[in-house]
K.L.:
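I'd like to ask you about the structure that follows.
Computed from a predicted model, the values in this text were never measured in an experiment. Naming convention: chains lettered A, B, ... in sequence-line order (proteins, then strands); numbering from 1 in each chain.
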There are 2 protein chains.
Amino acid sequence: MPTQTFFHLSKEKQTTLLKAAMKEFTHQSFANASINQIIKEASIPRGSFYMYFQDKEDLYFYLLEQSRDRFQKQLLILIEEEHGDLFCTFERFFESIIDYCSKKNHRLFFKQVFANINSQAEKRLFPTKTNVFDPRSFYKHFLEQIDVSKLNIQQEDDLEEIVGLLFGMTLHTLILSFTSDKKKEEIMNSYHRKLILLKYGMEKYRKE
Amino acid sequence: MPTQTFFHLSKEKQTTLLKAAMKEFTHQSFANASINQIIKEASIPRGSFYMYFQDKEDLYFYLLEQSRDRFQKQLLILIEEEHGDLFCTFERFFESIIDYCSKKNHRLFFKQVFANINSQAEKRLFPTKTNVFDPRSFYKHFLEQIDVSKLNIQQEDDLEEIVGLLFGMTLHTLILSFTSDKKKEEIMNSYHRKLILLKYGMEKYRKE
DNA sequence: ATTGTAACATGACAACTTGTCATATGTCAA
DNA sequence: TTGACATATGACAAGTTGTCATGTTACAAT
């Protein structure tokens with residue numbers, strides 16, 4: 001997280017820095033991104049940068065967490081609108097992510113993000129059971145909204161396994177989509193089929 | 001891939017370098033690992049390193065690909081032994097990965113690998129449809145061994161979706177396991193339950 | 001108004017990186 | 001013996017990062 005000092009800055013200065021960071025992370029992978037470049041673009045001295053952020057990672061994760069907050073809010077809205085139906089919720093959730101990440105000023109940034117995402121960054125972008133970076137305990141709240149009656153739950157924490165699988169599959173599909181420049185239609189179709197497979201099972205047994 | 005020059009080296013020199021690399025990648029994340037450290041440990045001059053490998057990534061991926069080859073061979077053996085049963089195959093496959101990666105001289109290395117794996121590294125470790133790094137076309141061969149008759153296949157390439165989901169879920173479980181230091185028993189149990197969910201579906205419908 | 005204290009700003013600096021390249025040294029065939 | 005080629009090597013340029021001593025504010029207390 002940024003320091004208090006960063007938040008004491010004028011909103012203008014804050015966004016200048018964040019925009020410079022976005023620009024760098026859009027054109028370079030996280031590993032290749034350079035703090036030098038960011039501070040040059042934002043016209044702030046080197047020492048100041050380290051007054052605001054611990055390091056490059058701190059800044060990067062802060063950017064990711066802003067998207068995560070958005071995704072979390074969206075997810076809570078959708079699960080309510082769908083009256084707890086997990087699959088409808090995820091189908092709409094996925095589309096809203098695709099739309100958000102495909103916005104003109106976001107697309108290349110997220111392409112970089114997804115191309116290089118690791119399990120650390122994943123936690124900043126998607127909430128999971130073991131996510132310490134979730135102050136408002138979104139995850140717990142989300143679980144409570146799920147209509148469990150329709151789900152194949154046999155053990156205590158099968159619900160968490162189910163949700164974990166859905167998040168994992170969702171992220172994996174996102175990564176594949178953004179690294180291979182497919183059309184939205186094609187991506188949505190692939191996601192839908194995966195959801196069907198998860199919902200009804202991979203073993204042949206019944207028709208939809 | 002290493003250059004021809006590397007393979008012209010004596011086996012002894014080769015392993016000295018690879019062992020030094022393993023050591024460094026065991027104690028540092030990929031990002032923090034230093035070529036300086038590796039060449040110092042292996043006692044080779046800086047210029048020589050660049051005769052053998054393009055860069056740090058080239059060396060790292062070469063190490064990963066050696067494990068991938070092992071995993072691929074194992075998978076082909078298992079699918080044959082299980083007569084094409086995808087779920088039994090994956091259950092045994094997962095256990096064999098866990099055992100291999102948990103070996104005394106591997107464990108910390110793989111812990112680093114899984115903690116920092118991204119979609120690029122994933123492709124070097126696990127074969128997928130879009131994997132260019134698979135000379136012997138393992139993937140195609142594997143697909144042919146699968147007993148499709150038991151699977152819930154509705155569309156042309158549902159099989160690839162299924163296999164993709166299984167690989168994705170397997171890797172995700174590995175990452176979680178190795179980053180949280182759980183016991184093998186606990187890990188296997190969690191994997192088993194996920195497999196059941198994938199097999200029979202997440203929606204309530206029938207008993208096992 | 002003056003002083004003191006804490007917060008913030010700044011750029012020079014040390015201590016690392018990495019990849020290249022000119023030069024040296026092998027090796028083997030003609 | 002002479003090329004021609006593959007390989008070895010370490011000095012080097014160009015970059016990176018995080019720190020820190022020294023300024024400069026701002027603002028409360030006397």
K.L.:
To the nearest Å, how far apart are B:Leu59 CG and C:dG19 P?
P.N.:
12 Å

K.L.:
For the pair made of CD in B:Gln54 and P in C:dT18, what is the distance, rounded to whole Å?
P.N.:
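One finds 15 Å between P of C:dT18 and CD of B:Gln54, rounded.
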
K.L.:
Atom CZ of A:Phe87 and atom CZ of A:Phe93: how far apart are they, to the nearest 0.5 Å?
P.N.:
15.5 Å

K.L.:
Each nucleotide N or O in nucleotides 10-15 of chain D that has a protein N or O under 3.5 Å away: list the pair and distance.
P.N.:
residue, atom, partner, partner atom, Å
D:dG10, N7, B:Gly47, N, 3.4

K.L.:
Would you kindly give the OH-to-P distance between B:Tyr50 and D:dA8, to the nearest whole Å?
P.N.:
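That distance rounds to 16 Å.
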
K.L.:
Please give, in whole Å, the distance from C:dT17 C1' to B:Asp55 CG?
P.N.:
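It is 14 Å, rounded to the nearest whole Å.
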
K.L.:
Calculate the interatomic distance between B:Gln4 atom CD and D:dC5 atom C1'; express it in whole Å.
P.N.:
16 Å

K.L.:
Round to a whole Å and report the spacing from CZ of B:Phe49 to C1' of C:dT18.
P.N.:
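In whole Å, C:dT18 C1' and B:Phe49 CZ are 11 Å from each other.
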
K.L.:
Quiz question: by atom type and distance under 3.5 Å, do the side chains of A:Glu161 and B:Ser190 form a donor-acceptor pair?
P.N.:
yes

K.L.:
Rounding to an integer number of Å, can you tell me how far B:Asp58 CG sits from C:dG19 P?
P.N.:
11 Å

K.L.:
Roughly how far, to the nearest 0.5 Å, is CG of B:Leu75 from CZ of B:Phe90?
P.N.:
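Rounded to the nearest 0.5 Å, the CZ-CG separation comes to 5.5 Å.
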
K.L.:
Can a side-chain donor-acceptor contact be found between A:Asp157 and A:Gln155 if the only test is distance below 3.5 angstrom?
P.N.:
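No pair is found: no donor N or O on one side chain lies under 3.5 Å from an acceptor on the other.
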
K.L.:
Please report the C-alpha distance between B:Leu166 and B:Leu195 in whole Å, then the side-chain angles of each, then the deciding distance to 0.1 Å, and finally whether the side-chain contact (heavy atoms from CB on, under 4.5 Å) criterion is met.
P.N.:
CA-CA 8 Å; B:Leu166 284 169; B:Leu195 222 41; 3.7 Å; yes

K.L.:
What I want to check is whether the side chains of A:Lys194 and A:Thr173 have a donor and an acceptor closer together than 3.5 Å.
P.N.:
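Their side chains do contain a donor-acceptor pair, which is all the 3.5 Å distance test asks for.
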
K.L.:
With sequence neighbours left out, write down each residue that passes side chain to side chain donor-acceptor pair (under 3.5 Å) with A:Tyr191, or none if nothing qualifies.
P.N.:
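By the side chain to side chain donor-acceptor pair (under 3.5 Å) rule, A:Tyr191 matches A:Thr170.
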
K.L.:
Under the criterion ring pair (Phe, Tyr, Trp, His ring centres under 6.0 Å), I'd like the reasoning laid out for A:Phe178 against A:Phe110: C-alpha separation, chi angles, the key distance, then a yes or no.
P.N.:
CA-CA 8 Å; A:Phe178 272 80; A:Phe110 280 107; 7.1 Å; no

K.L.:
Check every atom of C:dC8, D:dT7, C:dT20 against the side chain of A:His8 and return the nucleotide holding the closest atom.
P.N.:
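The nucleotide sitting nearest to the side chain is C:dC8.
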
K.L.:
Rounded to the nearest angstrom, tell me the gap between atom CZ in B:Phe53 and atom P in C:dT20.
P.N.:
16 Å

K.L.:
Tell me if a side-chain donor or acceptor on A:His172 pairs with a main-chain N or O of B:Leu165 at a distance below 3.5 Å.
P.N.:
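Pair absent, no side-chain N/O of A:His172 close to backbone of B:Leu165.
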
K.L.:
Among the candidates D:dT17, D:dT7, C:dT18, find the nucleotide nearest to the side-chain atoms of B:Ile35.
P.N.:
C:dT18

K.L.:
Pick base, sugar-phosphate or nothing for B:Tyr52, based on heavy-atom distances below 4.0 Å to the nucleic acid.
P.N.:
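Here B:Tyr52 touches the backbone only, sparing every base.
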
K.L.:
For DNA chain C, find the residues of residues 10-32 of chain B with a heavy-atom distance under 4.0 Å and give them by number; none if there aren't any.
P.N.:
none

